[in-house]
Amino acid sequence: MEEVDVEPTTTLIPGVGLKQKHLGFEWGPGDILVYETNFRPAGERSGCPSVHVVRKDEDIYSPILRKLFNESHHIFVGLQNITEDVPSKNKKPQFVSISKNYRSVIRACMEELQHVAGVTCCAHLVLFVLRLHSQVSILLATELIWNLCEVLFIDAAPAGCLLLHLLDWVRLHKADVDEKAKEVLQSDSPTNHLAYWDVPSGTQTLTEFDMKWRHWHEECDRCLQDKSFASNPHLETICKILLGDEDAMLEHKELLGTWYHFLVSRLLFSHPTVKPAELHYYAKSSMDMFLDSRSVPEPLDSILLAAFEFDLHQVIKDCSIALNNWWFVAHLTDLLDHCKLLQSHNLHFGSNLREFLVLEYASGLVSHHSLWQLAVDYFDHCPEFGRVYLELQLERVPLETERKALKVLRICEQRHMTEQVRSICKIMAKRALSNNRLGSALSWSIRAKDAGFATLISERFLQDYCTRGSFSDLDLIDNLGPAMLLSDRLTFLGKYREFHRLYGENKFTEAGKLLLSLMTAKIAPRSFWMTLLTDALPLLEQKEVHIYTHTHTHTLSIKSCVFVCVFQGEDVETAKLELLRLALARNLAMAIVKEGTVEA
Amino acid sequence: MDCINAKYVSQKISKTRWRPVSASSLQQPELLATGSWDNEDNKVSIWSVGENGGHDSTDENVSGVCCTLQTLSVLHTWEGAHHYQCARAPCTAVVCSSPELVSVGEDGRVVLYKADQSRIVRTIENADSSTIHAVTFLRTAEVLTVNSIGQLKLWDLRQGNEPAQILTLTGDRVPLHCVDKHPNQQHIVATGGQDGMLCIWDVRQGSVPFSLMEAHSAEMWEVHFHPSNPDHLFTCSEDGSLLHWETSSGSDTPSFLQGRNSSMMSRSATAPAGGNQSLISAWLSGDSSKGRLETTHMLPSQTLSVNSLDVLGQCLVCGTDGEAVYIHRRVLV
């Protein structure tokens, strides 16, 4: 196992672990459950009244940061759907614009946080405001890093344009500082100096620009040597700065603010045609010159330095450690992967880096009560392990209402996750059944095409009928439609109810035929045979209308014999059986007579 | 598509409704209410929509949506109106025809209330053996409910505990999720089902729908006729799309459609029963040669499920599972 890079941080849980109690814990999907316990049971068995939930990432619960997650999800899905019909080199402007989208989302979030922090002025919300400010500074740093990555890796500007982009980058983040510097510059220097800076944008080649710049540089130098500015010390300083004199620049450290501003200013005035490969040398030296040799570089500084050194993996690694959730590294790495900038070396514990980070991010989201839906799309775009993760996670989404269950079910069905579909439908059907909602239970069984459960529900209906003598939920049974065919028992139920209905409407012949077919079709449960035979009794006794022909009667008598054989020794109502035998015999006699008679 | 404003609101929206404006004033609605779901604490929020003016709304958020300073307070709570034997049951829909309220739930009950009375006026027990998904008033004292075994039930609230009429689709019992009645012709009703089919019914005639149209690829959550221009219908679905349907019984094709549109032919289950053609609504003209049906996708790109929509005048609002509210202020109706 590799060594741990940094010391693990300690989190204090208030009110726990006092009085020499031990702590027990259990991992949850996104959090840890912590409780007090005693490793060795000591004397009185006092339990712990509360369980503490410790969450690692509180950002997903912040209402303003939630917008970041939602909006970036939208951009992420759009990025994955960029079609493959455009060749890679033409996709660069699309990638740059997506990168700018991500950044604008970060900025919008930052501005809203700043706004809320500004208008909140309650005394007891001081901690809240402090947290907002720290969230703002983290977002500022992430936007800074993202912007630099966009300039160096995604846009990959060549020498010449590179400096302009870096200038924009610094200007964006040091807007107020730049104002002051601009004032200083513009008040004194001649305008033709500034005109030179519009040049590299396209009209001239790099070498032409380089020549002109060198020429101008020599002019400036000569002016300085000639002491033409000696009268005005400010002007002299400016001239020195324009010549790229580092000491002069360092004297105005407070105007520059950061070492990377210093770096860009240095490059602007001494090496405007810097090539990307040379950047790291200037970056390192600028950082060393700017910062005190004693101070330890902050995480942000080392990340930016790694970026200037074009060491993408180091950037990602340092960001993962420095930030407390995976949002930034997951989205950035995904975008860089689309730009084909990450070498696909496989990690020794899973798939490639991009998939690993996206999976980690999505796993963090899925434990959120609302954002779990976003995680689904992220898992979808992880080709190796995404599906497995999704299958496991979807089973654990709590299903408080039918509507939520329908949504989860739709997600499973769209991805052909039949096991999960069956499992969810069964959970909902069982719940409905226990609440006596037979219609809902049946509707869930139909959705899952679960014949077993449909049988169970039909049994319940039939039991109800046996105990009460009438059917409940007629609106359901009367209108089963093709769903009746889902299970034999259900078909029997539907047809039996139809028999009752026909009987009620005095359509005795049809009722009789239906009853016979029910008995011969072998779909009747055993417990119902007696009931069916008993139902046949009044039909057999019908004097006015002759229902059963002699073949039918034969069948009926065979059936009753079978019944007796099967139930021999069991508690059978012998009186009913006697009546039945009598009715069958009489019917048979009548049938023989009637059918034998020739109409005169 | 540039007239669509999106606002991320940090809560998944389950319902959204415009505050009604009086019919006489020609103003566009300015206040809307949203209800959230899937949060630990769910809220109802009121939003005010600023004036868009003539310029493109993408440059500033001045014309955006913001929370109003109006506050809501609970007037009355009817606890446990929907329940099973031992537990509470979710209430799935509520409809209001001032001062009467009707609610339906997963327990299969239809409950009637009056806004100023603290006791429940009446409960129809065992109205349904399955979950009732939506309810709407047809006439005063007549409501229509749809359930999860694909039945449309008409209830007369003045009499009895049995539905006055039951209508079903022949074929698979696909659950129905939403229902809306035509604003002017009260026998015409539209429903949306779990398979995304849009059905138009005539409750006077027969027990089968008049026409069936394939609308969406997943559950249709809401269907609305446009209140003042009922040749237009809007549907939204779990598949993340919001469709604007327009039917015209005239011979000329409308020429204004923008964005992606596709014409769909309507398949009718039965032909119209005859009678004066002009009296039959365009929705019921099953023969596609007599009228055309155009559909337009209203949202610019694929989003998560669109759970709710409302349309008033030229303004359309919808709420999604992507925790966003979309507003379109220039719907062509």
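Any value given below was found using the heavy atoms of this structure, including those in side chains, with hydrogens, waters and symmetry copies removed. Protein chains get the first letters and strands the later ones, always in sequence-line order, with residue 1 at the start of each.
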Heavy-atom contact with chain B under 4.5 Å, split by part of A:Leu406: both
Proximal component of A:His73, with respect to chain B [non-hydrogen, under 4.5 Å]: side chain
Ring-face cation contact, A:Trp444 with A:Arg431, 6.0 Å cut, 45° max: no
Student check: side-chain heavy atoms of B:Leu198 and B:Leu212 closer than 4.5 Å: no
Test side-chain contact (heavy atoms from CB on, under 4.5 Å) applied to B:Ile124 and B:Asn161, B:Val143, B:Val102, B:Val111, the passing residue: B:Asn161
Contact origin within B:Ser36 toward chain A - heavy atom pairs under 4.5 Å: neither
Approximate separation, where rounding is to 0.5 Å, of A:Arg131 CZ and A:Ser62 OG: 7.0 Å
Part of A:Leu438 lying under 4.5 Å from any heavy atom of chain B: backbone
Short N-O contact, B:Glu106 and B:Arg88, less than 4.0 angstrom: no
Centroid-centroid under 6.0 Å between A:Tyr496 and A:Tyr465 rings: yes
Among B:Asp321, B:Ile149, B:Thr168, residue most engaged with chain A (heavy-atom pairs, under 4.5 Å): B:Asp321
Under 4.5 Å from any heavy atom of chain B - which part of A:Trp372: side chain
Top contributor to chain B contacts, counting heavy-atom pairs under 4.5 Å, from A:Lys404, A:Glu400, A:Arg403: A:Arg403
Side chain, backbone, both or neither of B:Glu40 within contact of chain A (heavy atoms, under 4.5 Å): both
Region of A:Asp377 in contact with chain B, defined by heavy-atom distances below 4.5 Å: side chain
Carboxylate-amine/guanidinium proximity below 4.0 Å for A:Arg437 and B:Asp107: no
Side chain, backbone, both or neither of B:Asn307 within contact of chain A (heavy atoms, under 4.5 Å): both
B:Asp239 with A:Arg410: basic N within carboxylate O range, under 4.0 Å: no
Contact leader toward chain B among A:Lys67, A:His74, A:Lys407, where contacts are heavy-atom pairs under 4.5 Å: A:Lys407
B:Glu162 versus chain A, the contacting section by heavy-atom distance below 4.5 Å: neither
